[in-house]
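Reckoned from all heavy atoms, side chains included, excluding hydrogens, waters and symmetry mates. Chain letters run A, B, ... following the sequence lines, proteins first, then strands; residues in each count from 1. Fair warning: this is a prediction, and the values are worked out from it, not measured in the lab.
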Amino acid sequence: MKYDIIVVGGGHAGCEAAHATSKLGHKTALITGNINNIADMPCNPSIGGTAKGIVVREIDALGGLMGKIADQSHIQLKMLNNSKGPAVRSLRAQADKITYPKIMLETLQTLSNLNIIEAMVKKILVKKSKIEGIELEDGTKYFCNALILTTGTYLKSKILIGCDIKEEGPHGEKSSYFLSESLKEQGFELLRLKTGTPQRIDRKTIDFDKIKAEEGDKTHWSFSFDTIPTYDVHNQEKCYITYTNDKTHKIINDNLKKSAMYSGNIKGTGTRYCPSIEDKIVRFADKERHQLFLEPESLYYDDMYLQGFSTSMPIAVQEEMVKSLPGLENAKILQYAYAIEYDAINPLQLKPSLETKLIENLFTAGQINGTSGYEEAASQGLIAGINASRKLTNQEAFILKRNEAYIGVLIDDLVTKGTLEPYRLLTSRAEFRLILRHDNADLRLREHGYKIGLIDQKRYDRLLEKKANINNLISKLKTKKLTKSNIPSAILKKLNIETLNTGYSLYEFAKRPEIKLNDYFNANIIDNWPNEIVEAVEFHIKYEGYIAKTYKEVEKMLKLEEKQIPANINYDNIKNIASEAKEKLKKIKPLNIAQASRISGVNPVDISLLVIYLKKEYGKNE
Amino acid sequence: MDSTICAVSTAIGSGAISIIRCSGKDAIKIVNSVFSGVNLEKVLSHTIHYGFINFKNEKIDEVLVSVMRSPKTFTTEDIVEINSHGGIATTNKILEILLTSGCKLAEAGEFTKRAFLNGRIDLLEAEAVGDLILSETENSRKLAINQITGSLSHKINNIRQKLISLQANIEVNIDYPEYDDILVLTAEILKPTLTSITGELQRLLVDSKNGKIIKNGLDVAIIGQPNVGKSSILNALLEENKAIVTNIPGTTRDIVEGKISLNGIILNIIDTAGLRVTSDQVEKIGVEKSREICNLADLIIYVIDNTTKNIFEDLKYLKTLSHKPAIVFINKDDKNSNIKTSELKDYQFVFGNTIKTSGLNNLKNKIVEIFNLEELETKDFSYLSSARQISLVSKAISVIEEALKALENGASIDLISIDIKKCYELLGEIVGETYKEDLLDELFSKFCLGK
């Protein structure tokens with residue numbers, strides 16, 4: 001059997017990849033170990049959150065699925081950081097763990113170019129450093145022109161609860177032993193990573209009177225730019241907050257030796273972003289309490305996810321630990337916390353297109369690349385899908401820059417800096433986050449989506465309309481002037497002045513912190529506009545100075561990105577370059593000077609040597 | 001190579017003139033912005049123009065400026081060369097002005113490097129200079145780092161540590177908004193912290209001025225009406241210090257009449273023509289000259305005769321120099337006086353004479369007091385020594401000041417973090433560290449987060 005593209009793994013990366021390739025007209029097979037685990041959410045029941053919420057919007061802007069499906073499956077929705085500034089606002093949904101995968105599967109099943117196959121893959125087939133296909137554990141072979149591996153945490157995965165070790169993946173699924181070996185045989189350098197997930201508590205056994213409820217926003221939100229939200233804001237599920245205490249800490253300290261992390265059973269590198277509770281208590285010994293969240297997983301069953309309490313303690317200790325928490329004195333644990341260890345490939349072996357450097361037409365995305373998180377996985381899946389399909393149609397790879405999208409930051413970090421722990425996106429990783437906002441993801445990326453072919457004409461037209469509306473409102477604000485005679489008293493009051501000496505445009509007035517565009521609408525000076533237009537224009541006016549600063553920095557970076565490094569460069573020929581820098585450059589093969597300068601261990605002096613060498617060897621045509 | 005660079009191209013301190021060279025796409029624009037004379041942006045290429053370098057409404061120096069437009073120049077970029085008078089103070093001042101106006105200080109060999117990179121000199125030449133350029137870059141970088149040993153880099157690192165702690169806290173507030181155990185940085189918390197950081201940076205600048213004082217001494221101008229005893233004061237001061245009386249060209253282009261040592265600090269005494277508000281053209285030039293000297297001096301000793309009839313008239317000229325530290329010295333205190341001290345309440349003043357050996361003690365004590373010389377003498381020698389460092393600290397201060405202003409206007413924390421990061425980077429350039437992964441390390445070592 002032959003396909004244009006095969007995707008191995010049906011998690012968030014695999015789903016987006018298979019959706020993109022089949023939408024772009026390629027006959028695609030999605031191979032998964034268990035069709036019931038398509039778009040499974042084995043860890044936290046949320047989609048979005050800081051930085052990640054913006055990624056979901058970016059996925060949507062480019063034509064991916066995650067935002068649209070999250071809009072149909074959330075049971076609580078919140079805008080985070082509303083008070084901390086427009087640049088860092090981010091949506092977070094409690095997604096129903098039953099509904100989300102269900103809608104995803106249904107969506108994929110409607111795609112005419114896509115076949116979903118239930119099977120375990122044993123190895124990849126390679127001929128002359130080019131991908132040929134895969135072989136299943138039963139010996140069946142499938143051939144393809146491009147292969148996308150999105151195997152998540154299933155490569156040689158081990159589940160650890162205390163001293164109890166099981167060779168399996170999440171949800172008791174079979175671990176993929178042979179595929180990992182096959183990648184090693186092909187020359188891939190593998191990393192051993194570790195992550196974990198906390199307990200699930202039976203909702204019926206929680207004393208909710210003792211813990212604080214966290215409700216969803218009373219405003220309508222949506223991830224997708226195409227969703228018109230209609231859900232009932234007053235009828236959302238609640239999350240809850242509880243805390244550890246002295247008793248919890250004592251139980252943990254007394255049993256530290258039994259934890260898989262501290263007994264030496266775990267070899268993988270854990271993540272700083274999801275430390276286990278024993279880790280937190282050891283490292284932050286003087287902290288009196290640690291905050292924990294209880295989050296509903298679904299409307300269809302009673303599991304509450306105990307965020308912040310992941311551990312690799314044995315079952316008996318976990319029972320004691322959980323029961324020491326306020327509100328959980330009589331809690332029934334439905335699923336114990338566990339740590340999971342798995343293989344990932346070193347992402348430095350990838351090109352920014354997510355194609356591997358070793359094997360042509362082999363792409364990888366998601367946790368196999370060393371990341372953590374559904375959103376990180378989905379966005380890579382989308383990019384791998386787009387690029388696999390572009391490769392087969394001889395189009396230039398689609399690479400998002402750091403100033404264009406969080407997705408660009410994520411992939412550039414992975415392929416330039418690598419990672420030693422499961423990589424999580426944070427807003428602080430984005431140096432240009434002021435222009436990578438939740439509200440402008442469509443303005444930034446939808447045009448790309450349209451050109452790639454994942455955004456249809458109707459959706460694209462809506463973007464053009466939004467752009468036109470923004471310009472329209474700006475020019476109205478610039479033309480209309482307020483003078484002594486026509487300034488409304490409400491505005492004077494806001495400005496805390498008696499009278500106006502000179503006239504200014506509405507635009508100029510709006511720069512003042514006291515004045516909001518809404519004040520104009522309320523005073524009937526100009527007509528009201530839709531919220532998303534007002535938000536965009538207000539941001540543009542109020543933060544002009546800071547936006548300009550950011551663009552100045554962007555310009556600096558782009559100038560360096562223009563300086564391409566030829567693929568056939570021989571770093572050994574560059575005299576005086578530090579040996580550490582040389583090794584890194586050889587391994588990472590940066591595409592341009594900007595990327596080279598971001599590699600840790602490559603210093604400014606090395607960069608100037610490199611620039612001079614390029615001038616000398618490749619003359620002025622760079 | 002998109003930046004515009006500048007450097008002093010002649011050996012500093014010797015020679016009658018100094019040339020400050022400026023190369024890059026904004027060279028003409030930047031120099032024009034501090035130049036009074038013709039509009040340099042409109043002049044023909046390869047022409048020379050007379051005018052002044054001004055800064056904040058102050059005339060710094062009378063100069064000749066050569067404008068050479070790309071591509072027929074040494075670097076192939078636009079080049080402007082400023083011919084100024086040769087003293088260290090003036091030359092450095094002009095360099096500093098260019099740095100604060102948008103130029104970057106050229107690294108050693110950078111003009112040559114640009115000439116090569118822009119194809120102005122050929123490969124053979126380039127290979128020969130190549131090693132030189134590179135070793136110089138490496139060395140100058142190391143040098144810059146080594147130079148700032150001990151307490152200065154300690155001070156800078158302390159401030160950077162404060163900035164990155166703030167930044168990490170802001171990042172945690174943004175990335176983990178739902179943790180209520182973590183301090184949320186608000187404008188109220190940030191303002192005093194940022195204000196105290198500006199204070200520390202300002203002190204660094206002050207210290208650097210002190211550093212200059214230790215190294216170069218104080219330029220002291222003695223001025224006053226004719227016949228108030230300026231020359232006697234000069235002679236009396238020098239009398240005790242015969243060993244170092246010479247006519248040495250000073251740190252300004254003016255002739256220093258002599259040097260004395262006060263608490264280990266050199267005072268470069270500059271004599272001036274007598275002052276008189278007059279309509280006589282010749283005398284007017286003399287007065288103008290005195291004013292110029294006063295502008296360049298660190299201290300003015302303004303001499304008044306104890307027997308004066310009209311102190312108000314006497315002080316008229318000093319009033320026009322109000323921005324300079326000045327001591328009013330009332331000479332001839334052995335004679336009867338009509339001066340009421342209440343008339344001098346706005347000034348630092350002392351009485352004295354040149355007849356007794358102790359007659360100038362009050363004056364000397366006052367100088368020691370104003371410049372804190374006693375403390376200076378015992379102070380450690382760490383200070384911002386180069387124009388580059390000073391310009392980086394000045395920039396860092398203005399960035400934080402902007403942040404404070406923005407906070408005042410209700411800007412949100414994520415915007416302020418842009419300024420904090422910028423300040424951190426600027427200070428990092430001084431100690432040779434750049435902004436890379438350290439923020440995340442700080443974040444996760446300080447805060448307890450995650451599922």
Using heavy-atom distances under 4.5 Å, tell me whether A:K511 contacts chain B through its side chain, its backbone, both, or neither. neither
A:F539 atom CZ, over 12 foreign heavy atoms within 6.0 Å: yes
Could you tell me the separation between the OG1 atom of A:T427 and the OH atom of B:Y176, rounded to the nearest 0.5 Å? 10.0 Å
Roughly how far apart are B:I418 CD1 and A:L434 CG, rounded to 0.5 Å? 4.5 Å
When you check the gap from the basic side-chain N to the acidic O, do B:K421 and A:E431 get nearer than 4.0 Å? no
Quick one: does B:E178's side chain get under 4.5 Å of A:I241's, heavy atoms only? no
Exactly one candidate in B:I170, B:N173, B:I174 meets side chain to side chain contact (heavy atoms under 4.5 Å, CB included) with A:V88; the answer is B:I174
Answer yes or no: are there more than 12 heavy-atom neighbours, outside A:E544 itself, under 6.0 Å from its atom CD? yes
With a 4.5 Å cut-off on heavy-atom pairs, point out which of A:R433, A:E514, A:K549, A:K556 contacts chain B the most. A:R433
Thinking salt bridges, do A:R429 and B:E171 make one under a 4.0 Å N-O criterion? no
As an exercise, state the distance from CZ of A:R424 to CG of B:D175, rounded to the nearest 0.5 Å. 6.5 Å
Heavy-atom proximity to chain B below 4.5 Å, by part of A:K52: neither
Most contact-rich option vs chain B, by heavy-atom pairs under 4.5 angstrom, among A:K542, A:E553, A:R92, is A:R92
Distance-minimising heavy-atom pair for B:P177 and A:K84: CB-NZ, 3.8 Å
Taken in chain and number order and not counting sequence neighbours, the residues that satisfy side chain to side chain contact (heavy atoms under 4.5 Å, CB included) with A:A213 are A:K238, A:Y240
Which of residues 399-409 of chain B get closer than 4.5 angstrom to chain A, counting heavy atoms alone? B:E402, B:A403, B:A406, B:N409
For A:T550, which atoms come within 4.5 Å of any heavy atom of chain B: side chain, backbone, both, or neither? side chain
Gap between atom CG of B:D414 and atom OH of A:Y546 - 0.5 Å precision: 9.5 Å
Give, as side chain, backbone, both or neither, the part of A:K559 having an atom under 4.5 angstrom from any heavy atom of chain B. side chain
